[in-house]
There are 2 protein chains.
Amino acid sequence: MSETAPGPDRDAARRPLSRDLVLRSAVALADQSGIDAVSMRRLGQELGVEAMSLYHHVHRKDDLLGGMVETVVAEINLAVGALRGPDPAADWRAALRARVLTARGLMLQHTWLPGVLESRTTVSPGVIRYYEGVLATLRAGGFSYDLAHHALHALGSRVLGFSQELFDPSTPAEDAASQAALAELATELPHLVEMLAEVAHDDPGSTLGWCDDQTEFEFGLDVVLDGLERRRSAAPA
Amino acid sequence: MSETAPGPDRDAARRPLSRDLVLRSAVALADQSGIDAVSMRRLGQELGVEAMSLYHHVHRKDDLLGGMVETVVAEINLAVGALRGPDPAADWRAALRARVLTARGLMLQHTWLPGVLESRTTVSPGVIRYYEGVLATLRAGGFSYDLAHHALHALGSRVLGFSQELFDPSTPAEDAASQAALAELATELPHLVEMLAEVAHDDPGSTLGWCDDQTEFEFGLDVVLDGLERRRSAAPA
DNA sequence: ACCTGAACACCGTTCAAGT
DNA sequence: ACCTGAACACCGTTCAAGT
């Protein structure tokens, strides 16, 4: 293959920098080492370039984060667009469920995304496009715009496939510390202790820290979808 | 009043540092200037002390953030504990609703809390205590431990009074930028455009950026509570 | 025991300079 | 046009020194 770069071959592996390459590298770095590892200097290093060179392809760090979001959300929109699922006019819940679980599948591969998405203060065009598809599904399912609007708020981040849990130790050490903290409070927490004992009995190995996220996500999603269906059928468009 | 500090009065206003004073100052600083303003150096400055002095009262920054959470959640637990609301045995939904909305009232005064709470990886004793109260309410309302466990997951952060919105420009400039981004995509977004037109008609002045958060929060909460009640009554404890 | 100041290893970003 | 390196104003945290 022809290398466009002239001169000695000391940097053969380095492709010319582009916004797309910068964003993809940033996503890969975040996937591998967490979002905190994504600094301009570290990302430059990863690309074999000075940190300052990145500024030719990205306005500032905030723009980098926004671009990372767009990169992944574009993937999600592609997957959701390719979906040949249930007809929303026949079963809007099944149709929306398929969209959400498809999005979730991709979300789970980029665990930094929820945090970044929530911390953004400018709107993401990709997320807007995603919502357009959700809204079309709800409309086809017989929702008025007013109820669909409420529905989007009620679903919140769940529509994109994630829900933040208030307990989620991310390392074994933190999990152990959390267990210890809980044990220390045990006498104050009779209901919690009994619940955990029972849940652990039904599902050995589960703890407060690692309940089955997928099951719980789907349970919560279905609770919301059911509640919305009741309201829809009570007040059709 | 007697000042315990001897010596010249050049620092009369400075109370002796304590963990409690450090935490309260940090909360006040975050309330006023946002969580990004809470750096060790800046907080020290606020207290008239070198940044390094804070380390005598706080293990590290992470401990400071954890302490800030505890400070506010203790407030919430106090308010929720003082509640003389509906009897959960008679109406668990009303009882839980009262707890959640009380928590939300205090949450709204510390807008940095949701973000910090979600980014923590060690469990908060205060939040655990809060959950104990919620669980007691659910049990009194006739939930099995198994269903109550699912319910806690389904409620997620909503149980503490907040739900993250994927659209929330925090400044007028960001709001304007978001509106512009949306306008540019308008032809691709027929449903979204029509929905916004209708919602704006019903509720003039509302935009994607600032729907009535309280109304939407309560709508979403009730959707979940209704869905849970259906499951509870279908499979009593 | 409590507080200090210098130092270390990092940040994001600006700017003038190189090719 | 694209990339560089020094510099600026910040971070959290360690350490040896002060009282």
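Naming: A, B, ... by sequence-line order, numbering from 1 per chain.
Across the protein-nucleic acid pair, A:R41 atom CZ and C:dT13 atom P stand 11 Å apart, rounded to whole Å. Here D:dC11 presents its P atom at 18 Å from CG of B:D62, a figure rounded to the nearest Å. Counting to the nearest Å, the C1' atom of D:dG12 and the CG atom of B:D63 are 14 Å from each other. A:Q45 has its CD atom 14 Å from the P atom of D:dG5, to the nearest Å. With rounding to whole Å, B:L17 atom CG is found 9 Å from C:dC3 atom C1'. As a whole-Å value, the separation of A:I35 CD1 from C:dC11 P is 13 Å. Spacing between atom CD of A:E50 and atom P of C:dA17 amounts to 18 Å, rounded to whole angstrom units. Rounded to an integer number of Å, the gap from NZ of B:K61 to P of D:dC11 is 9 Å.
Side-chain contact of A:W112 with A:D36: a donor-acceptor pair under 3.5 Å is absent, judged by distance alone.
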(request) Report the C-alpha distance between A:E50 and A:R41 in whole Å, list the side-chain angles of each, state the deciding distance to 0.1 Å, and finish with yes or no for salt bridge (Lys or Arg N to Asp or Glu O under 4.0 Å). (result) CA-CA 7 Å; A:E50 291 296 311; A:R41 282 172 170 86; over 6 Å; no
(request) Check the pair A:R19, A:D63 against salt bridge (Lys or Arg N to Asp or Glu O under 4.0 Å), reporting the backbone distance first and the verdict last. (result) CA-CA 11 Å; A:R19 181 174 169 93; A:D63 184 33; 3.0 Å; yes
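Nearest-nucleotide positions on DNA chain D place A:H56 closer to the 5' end than the other of B:M52 and A:H56.
Of the side-chain N and O atoms in A:Y55, none sit less than 4.0 angstrom from OP1 or OP2 of C:dT14. The phosphate of C:dC2 (OP1 or OP2) has no side-chain N or O of B:S53 nearer than 4.0 angstrom.
Proximity note for B:H57 (side chain, C-beta onward) versus C:dT13, D:dG12, C:dC3: the nearest is C:dC3. Side chain of B:R42, nearest nucleotide from C:dC11, D:dT13, D:dC11: D:dC11.
Judged by a 6.0 Å distance limit and a 45° cone about the ring axis, B:R104 is not positioned over the six-membered ring of B:F162.
Searching all strands for a Watson-Crick or G-U wobble partner of C:dT4 with both distances below 3.5 Å returns D:dA16.
Residue contacts for A:S39: at a heavy-atom cut-off of 4.0 Å it reaches the sugar-phosphate backbone alone, with no base atom in range. Residue-level contact check: B:H59 touches neither bases nor backbone, having no heavy atom under 4.0 Å from any strand.
For B:E188, the CD atom is densely surrounded, since the number of other residues' heavy atoms within 6.0 Å is greater than 12.
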